[in-house]
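Taking it in order: structure first as structure tokens, then the write-up.
In what follows, every chain begins at residue 1, and chains take the letters A, B, ... in the order their sequences are listed. These figures come from a predicted structure and were not determined experimentally.
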Amino acid sequence: MVQQKKRTVKIRKILKIAYPYVKTQLRYRNPFELLVATILSAQCTDKQVNSVTKDLFNKLKNPCDFAHASSETIEKLIRPTGYFRNKAKNIRKCSVSLIEKYKGEVPQTLDELVKLPGGGRKTANVVLGAAFGIPGIVVDTHVTRISKRLGLTKNHDPVKIEFDLMKSIPKNEWNDFCLQLIFFGRAVCKARKPACFTCPLCDLCDFTDKTS
DNA sequence: CTCCCGATAT
DNA sequence: ATATCAGGAG
């Protein structure tokens, strides 16, 4: 629909003005550190991830270090991020896989990244975008919530939302657009108490908050 | 679908 | 006390 297309263009323009320079808040020095940090970021704030990765990457520097470390060692280092048993196990399996399949390097395609233990489409697209500059739609909790509120999708399935956004957003803006939604989601269009009164998109949005 | 789970905001 | 945080595996 033509109206819907124009609305999407307006939304993109306003978000670009509100968040002109977006970059992941996850701290990392190489693709492998970003991969680990992104696995740790599941159901956890970036700030909380950064608080453990400083010490974590000081002690375990590469896939080989993680592969040889015990699960207990990794668990202790990442505990504050939650889901620490699953995450420790996944990061170790992921490191083993990187060594066996890719000589310890992080692969640069979506198909290869999604097959790594502990990393799904969201993790894969974060790594592709931030570490390698390859366009990808990152569907996390913020992107899901806001896409629905703004009517950019009617779907609930993250993969369907990813493909809906791929169709309506120019490819060279996929990464920035998702990061803009995430910053916007943290500051304004929050899950719990959205700040609709100060929202720059309120005229383009039909969502009404029922919790306040 | 359920389970994993600590830290923080409300 | 409860909802939420750059989700993924079984």
Side-chain angles (χ1 to χ4, degrees), chain A residues 15 19 21-28 31 33-56 71-72 74-98 106 110-132 134-149 155-162 165 169 174-197 209-212:
Chain A
L15 284 175
Y19 307 97
Y21 182 72
V22 282
K23 189 175 178 293
T24 179
Q25 301 297 100
L26 261 17
R27 275 199 231 128
Y28 65 98
E33 288 191 355
L34 177 61
L35 175 60
V36 174
T38 309
I39 291 173
L40 290 175
S41 73
Q43 298 295 292
C44 178
T45 59
D46 286 7
K47 188 180 172 185
Q48 196 67 22
V49 173
N50 291 334
S51 76
V52 308
T53 50
K54 191 177 180 185
D55 195 35
L56 178 69
S71 292
E72 290 75 16
I74 302 174
E75 285 175 12
K76 279 182 187 170
L77 290 166
I78 67 170
R79 175 160 300 147
T81 65
Y83 299 158
F84 59 90
R85 292 187 185 86
N86 281 342
K87 286 175 180 175
K89 188 171 59 184
N90 287 334
I91 291 168
R92 227 169 74 75
K93 282 170 73 178
C94 182
S95 298
V96 170
S97 186
L98 288 177
V106 178
L110 183 66
D111 285 346
E112 291 171 311
L113 284 167
V114 294
K115 286 175 191 163
L116 293 172
R121 296 188 73 87
K122 177 256 170 181
T123 300
N125 279 313
V126 167
V127 172
L128 283 179
F132 302 126
I134 298 169
I137 293 288
V138 176
V139 182
D140 72 328
T141 178
H142 297 293
V143 174
T144 301
R145 179 179 70 254
I146 297 163
S147 296
K148 284 199 254 183
R149 285 182 180 174
N155 287 304
H156 304 282
D157 174 22
V159 181
K160 288 182 181 173
I161 296 175
E162 184 181 331
L165 293 180
I169 307 296
W174 286 355
N175 295 117
D176 279 356
F177 182 74
C178 291
L179 275 167
Q180 280 156 358
L181 284 189
I182 288 161
F183 277 72
F184 174 61
R186 289 175 185 155
V188 181
C189 197
K190 297 177 282 188
R192 223 169 176 186
K193 224 177 120 193
C196 298
F197 287 105
D209 182 24
K210 297 165 188 81
T211 63
S212 69

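- Remark: C1' of dC4(B) and CZ of Arg79(A) are 14 Å apart, rounded to the nearest angstrom.
- Ile146(A) contributes atom CD1, which lies 12.0 Å from atom NZ of Lys190(A) (distance to the nearest 0.5 angstrom).
- One interatomic measurement links the two molecules: CG of Leu116(A) to P of dG7(C), which rounds to 18 Å at whole-angstrom precision.
- With rounding to whole Å, Asp46(A) atom CG is found 18 Å from dT4(C) atom P.
- In this structure, of dA6(C), dC5(C), dG6(B), it is dA6(C) that holds the atom nearest to the side chain of Arg186(A).
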### Task
Begin with the C-alpha distance, continue with both residues' side-chain angles, and end with the deciding distance and a verdict on side chain to side chain contact (heavy atoms under 4.5 Å, CB included) for Thr123(A) and Leu113(A).
CA-CA 8 Å; Thr123(A) 300; Leu113(A) 284 167; over 6 Å; no
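- In this entry the distance linking CG of Asn50(A) with C1' of dC5(C) reads 14 Å, nearest Å.
- Within the structure, every side-chain polar atom (N or O) of Thr141(A) is placed at least 4.0 Å from both OP1 and OP2 of dA6(C).
- Residue side chain Arg192(A) reaches the base of dT2(C) through a donor-acceptor N/O pair under 3.5 Å, judged by distance alone.
- The listed nucleotides are dC5(C), dG8(C), dG6(B); the one nearest the side chain of Lys122(A) is dG8(C).
- Atom P of nucleotide dC5(C) and atom NE2 of His142(A) are separated by 5 Å, given to the nearest angstrom.
- Counting non-hydrogen atoms under 4.0 angstrom, Thr38(A) reaches nothing in the nucleic acid.
- Taking a 6.0 Å sphere around CZ of Arg27(A), one finds it holds 12 or fewer heavy atoms contributed by other residues, nucleotides or ligands.
- Residue Thr24(A) is in base contact, counting any heavy-atom pair closer than 4.0 Å across all strands shown.
- Rounded to whole angstrom, the span from the CG atom of Asn125(A) across to the P atom of dG7(C) amounts to 13 Å.
- Distance check on atom P: dG8(C) versus dA7(B) gives 22 Å, rounded to whole Å.
- With the nearest nucleotide of DNA chain C identified for both Val114(A) and Asp140(A), Asp140(A) has the one nearer the 5' end.
- Computed from coordinates, the His156(A) NE2 to dC1(B) C1' distance equals 16 Å when rounded to whole Å.
- Note: Ile137(A) CD1 to Leu181(A) CG = 8.5 Å, rounded to the nearest 0.5 Å.
- Within the 4.0 angstrom heavy-atom criterion, only backbone atoms of the sugar-phosphate kind lie near Pro117(A); the bases stay farther away.
- Using a 4.0 Å heavy-atom cutoff across all strands shown, Gly185(A) reaches no nucleic acid atom at all.
- Looking at heavy-atom distances under 4.0 Å, Ile39(A) makes no contact with the nucleic acid at all.
- Note on Thr81(A): nothing from the nucleic acid sits closer than 4.0 angstrom, heavy atoms only.
- A close approach under 4.0 Å does not occur between any side-chain nitrogen or oxygen of Arg121(A) and OP1 or OP2 of dG8(C).
- Residue-to-nucleotide proximity on DNA chain C shows that, of Lys89(A) and Val126(A), the 5′-proximal contact is made by Val126(A).
- No side-chain donor-acceptor contact under 3.5 Å links Ser97(A) to the backbone of Lys93(A).
- Residue Tyr83(A) has its side chain nearest to dC4(B) when only dC5(C), dC4(B), dT8(B) are considered.
- Shown are Gln48(A), Lys122(A), Lys87(A); of these, the side-chain hydrogen bond (donor to acceptor under 3.5 Å, both in side chains) with Ser41(A) is made only by Lys122(A).
- For Asn86(A), taking side-chain heavy atoms from C-beta onward, the closest of the listed nucleotides dT10(B), dC5(B), dC5(C) is dC5(B).
- Across the protein-nucleic acid pair, Ile161(A) atom CD1 and dG7(C) atom P stand 13 Å apart, rounded to whole Å.
- Of the candidate nucleotides dG7(C), dA6(C), dG10(C), dG7(C) has the atom lying nearest to any side-chain atom of Gln43(A).
- The structure places CG of Asp176(A) at 10.5 Å from CZ of Phe183(A), a figure rounded to the nearest 0.5 Å.
- If you take atom C1' in dT2(B) and the same atom in dA6(C), they sit 23 Å apart, rounded to whole Å.
- You'll find that the side chain of Arg85(A) is closest to dC5(B), out of dA6(C), dC5(B), dT4(C).
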